[in-house]
Amino acid sequence: MANYQPPQRKKSPYLPLGDQQGARFYGKDILSVKQFSRDDLDYIFGVAEEMREMVERIGTFDLLKGKILANLFYEPSTRTSSSFTSAMERLGGSVIPISEVRYSSVAKGESLPDTVRTLECYADVIVIRHPEVGASALAAKYARKPIINAGDGVGEHPTQALLDLFTIYSELGRLDGLTVTMLGDLKYGRTVHSLARLLTLFRVKINYVSPDILRMPQEIIHELKEQGVPQEEFDTLDPVIGQTDVLYVTRVQKERFENQDDYESVKGAFVITPEIMDKAREKMVLMHPLPRVGEISMEVDEDPRAAYFRQMEYGLYVRMALLAMVLGKA
Ligand code: CP
């Protein structure tokens with residue numbers, strides 16, 4: 001036995017038959033929006049559209065029957081966690097839910113690499129949310145099975161950005177030629193970090209509206225500048241609301257502040273009300289990754305431009321598409 005070498009299995013050992021574009025995602029991790037091309041997005045959105053039709057027609061089907069997803073959440077979540085669960089179950093697969101890591105062996109001090117190497121013995125794909133930037137990439141380094149980043153601290157939230165773009169496309173019918181205004185906590189909001197980067201694939205203008213201490217990180221502004229994206233920063237919404245096609249509102253991320261006085265000084269900085277919506281374009285789309293804690297008044301919910309509840313549903317179809325793709329069944 002001394003010379004015994006355990007088999008070294010790598011990611012993507014086989015290409016599935018059939019669709020070659022889908023095959024390119026087989027066995028792959030989804031860690032950052034930087035990994036996607038415009039062709040990839042066309043493909044993902046096409047599959048998501050098919051998923052939507054299937055859910056509307058038959059609800060649940062057996063595309064991923066026998067496959068298992070491990071949902072590993074070190075931070076709270078309602079939408080991402082439950083939409084991945086729903087996506088897997090609608091595709092006929094099943095889920096190992098670890099939403100309370102304090103009841104897992106993480107509470108005994110188990111490392112992230114060991115935790116993912118454990119879960120991949122039981123599951124075919126692992127979705128991870130973690131408070132540290134780069135945690136998903138670290139997990140992917142150790143895992144043989146695909147890792148999907150469901151938010152790594154203030155880093156990225158790539159599946160959210162994909163569903164955000166799918167929402168914009170579904171609501172407005174195009175992604176080029178738009179003015180997108182991002183509002184709120186642009187410093188700590190990982191959804192806007194991913195969305196801004198993904199928008200570089202399209203011909204858009206981006207406005208950033210935030211309190212001074214919550215501005216979009218310079219590193220991201222610089223990245224987008226290098227790609228030729230026109231960007232402007234503002235501290236009020238008034239100058240841009242009338243020229244905005246997509247208003248993307250974010251929550252001030254209380255949990256990321258080191259100094260709670262700073263949080264108190266900006267927590268109610270922006271609230272979208274019916275009066276503000278009166279100044280917006282008739283076809284503007286109002287989005288929010290949710291949860292909201294007062295940034296959009298409930299009086300706005302009935303406005304047809306308020307897309308944030310539809311946005312969550314689009315997320316189900318995008319996540320169904322991603323699971324099918326990384327498991328070679330798209
Ligand atoms: N948008 C989003 O990530 O929501 P959750 O934190 O509820 O998953």
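Nothing fancy with the numbering, it's 1 onward along the sequence. Counting starts at 1 for both ligands and their atoms, following the listed order.
Put simply, no part of Glu75 is less than 4.0 Å from ligand 1, judged by heavy atoms. Distances shorter than 4.0 angstrom occur between a heavy atom of His157 and an atom of ligand 1.
Counted by atom type alone, Tyr142 and Asp114 present zero donor-acceptor pairs between their side chains at under 3.5 Å. In the model, Glu171 has a side-chain atom that pairs as donor or acceptor with a side-chain atom of Tyr314 under 3.5 Å.
Each of the following atoms of ligand 1 lies closer than 4.0 Å to a heavy atom of Thr78: 5 (P), 7 (O), 8 (O). Ligand 1 places these atoms under 4.0 Å from at least one heavy atom of Gln160: 1 (N), 2 (C), 3 (O).
Contacts with ligand 1 closer than 4.0 Å are made by no heavy atom of Thr191, backbone or side chain.
Of the residues listed (Gln160, Arg129, Glu75), the one engaging Thr80 in a side-chain hydrogen bond (donor to acceptor under 3.5 Å, both in side chains) is Arg129, and it is the only one.
We find that Arg117 and Glu120 are not joined by a salt bridge, their nearest charged nitrogen and carboxylate oxygen being 4.0 Å or further apart. With salt bridges taken as basic N to acidic carboxylate O contacts below 4.0 Å, none links Asp262 and Lys254.
Residues Lys279 and Asp238 come closest through the heavy atom pair NZ-OD1, 3.2 Å.
Selection from Leu163, Thr159, Leu290 by nearest heavy atom to atom 2 (C) of ligand 1 gives Leu290.
Between Ser81 and ligand 1, not a single N/O pair is under 3.5 Å apart.
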